[in-house]
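Working notes for the structure below.
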Amino acid sequence: MSASTDHSTDRDVIDVLVTDHREALELLEQIRGTADEEHRRDLTDSLIAELVRHSVAEEMHVYPAMRDHLPDGDEAVEHDTQEHKQLEATMKRLESADTTSAEYTTALSDLERVLRDHVSDEEQEQFPQLRQHLPEELLVELKGKVEATKKIAPTRPHPASPNAELFHKLVGPGVGLVDRLRDRITGRHENT
Ligand SMILES: [Fe+2]
Ligand SMILES: [Fe+2]
């Protein structure tokens, strides 16, 4: 990840998620700032992996808490999950597009638009409400769960399957780990 990555001051789950958002937006800036094709590919793959991990962890632990504790929780989760699927669909396009192609440029802009909108919804609306409605111990407990899930979550976008279901399927037989190791060995060429 980027050099500025720093989770050391994160106190609770909201801090972790907001730091993730900042990192993702920073990676986007870095992608836009580099002309080197290979570097662009690497940064794009990092962005995809980080966003997938983040989304899976949110869907596993944070969105259920939103459902349970926020006044309009069900509606918010529905909306946010839809946006995750849109993000994953654009990541699928980015995964296979040549970084010099028009297709890539369009997919990157689409990703940025959906991501900024999604981050703003979460940070302006759902996260402040979570802080308001959840006891601090629970927010801290969720931080641990989110961090643990991010370590073993899948790293590739799967726009067609629910992320929580996918996580259980992958992690059950240890495939999540295999997924990660394979990513490291083969780079970005395979799909799951
Ligand atoms: Fe998020
Ligand atoms: Fe999200």
Side-chain angles (χ1 to χ4, degrees), residues 1-2 4-7 9-31 44-95 107-108 110-134 138-168 170:
M1 278 297 310
S2 60
S4 67
T5 300
D6 181 13
H7 280 276
T9 56
D10 293 343
R11 288 170 299 122
D12 64 20
V13 68
I14 306 298
D15 291 331
V16 172
L17 299 173
V18 169
T19 303
D20 283 352
H21 291 167
R22 295 285 83 72
E23 284 172 8
L25 292 170
E26 196 183 300
L27 270 169
L28 256 172
E29 291 302 314
Q30 288 179 24
I31 290 168
T44 304
D45 292 345
S46 298
L47 176 64
I48 291 170
E50 291 309 313
L51 279 179
V52 172
R53 284 193 188 106
H54 173 88
S55 303
V56 170
E58 277 184 341
E59 289 178 36
M60 295 277 301
H61 305 294
V62 184
Y63 290 2
M66 276 162 45
R67 264 191 211 285
D68 290 346
H69 299 275
L70 303 195
D72 296 315
D74 286 341
E75 213 178 300
V77 168
E78 211 49 56
H79 173 83
D80 284 346
T81 307
Q82 268 315 105
E83 286 186 339
H84 280 185
K85 289 301 166 202
Q86 286 175 30
L87 283 171
E88 286 183 64
T90 63
M91 289 190 271
K92 251 324 196 217
R93 285 156 60 202
L94 281 175
E95 214 179 26
L108 193 69
D110 289 348
L111 175 80
E112 179 160 14
R113 197 185 55 250
V114 181
L115 181 64
R116 286 193 188 278
D117 179 60
H118 183 67
V119 161
S120 143
D121 283 351
E122 288 184 340
E123 293 187 12
Q124 306 304 315
E125 294 175 32
Q126 284 96 57
F127 292 176
Q129 287 189 44
L130 281 173
R131 277 241 165 92
Q132 190 189 337
H133 292 279
L134 265 67
L138 187 50
L139 290 170
V140 173
E141 187 188 317
L142 286 173
K143 173 189 175 207
K145 289 184 174 173
V146 159
E147 284 173 336
T149 295
K150 278 177 64 189
K151 284 199 184 108
I152 51 171
T155 57
R156 317 197 82 95
H158 300 85
S161 9
N163 277 325
E165 205 177 283
L166 182 81
F167 178 88
H168 289 302
L170 290 178

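Atoms within each ligand, like the ligands themselves, are counted from 1 in listed order.
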The Fe ion (ligand 2) to nearest N/O/S of Y63 less than 2.8 Å: yes

At the Fe ion (ligand 2), OE1 of E58 and NE2 of H118 open up to roughly (10° bins) 170°

Can you find a pair of side-chain heavy atoms, one from M91 and one from R156, that are under 4.5 Å apart? no

Is the distance from the Fe ion (ligand 2) to the nearest N/O/S atom of H84 under 2.8 Å? yes

Under a 4.0 Å N-O cut-off, is there an ion pair linking R53 with D20? no

Pairwise side-chain contact, D110 with R93, heavy-atom cut-off 4.5 Å (strictly under): yes

Between E112 and R116, is any pair of side-chain heavy atoms under 4.5 Å apart? yes

In E122, the N/O/S atom nearest the Fe ion (ligand 2) carries the name OE2

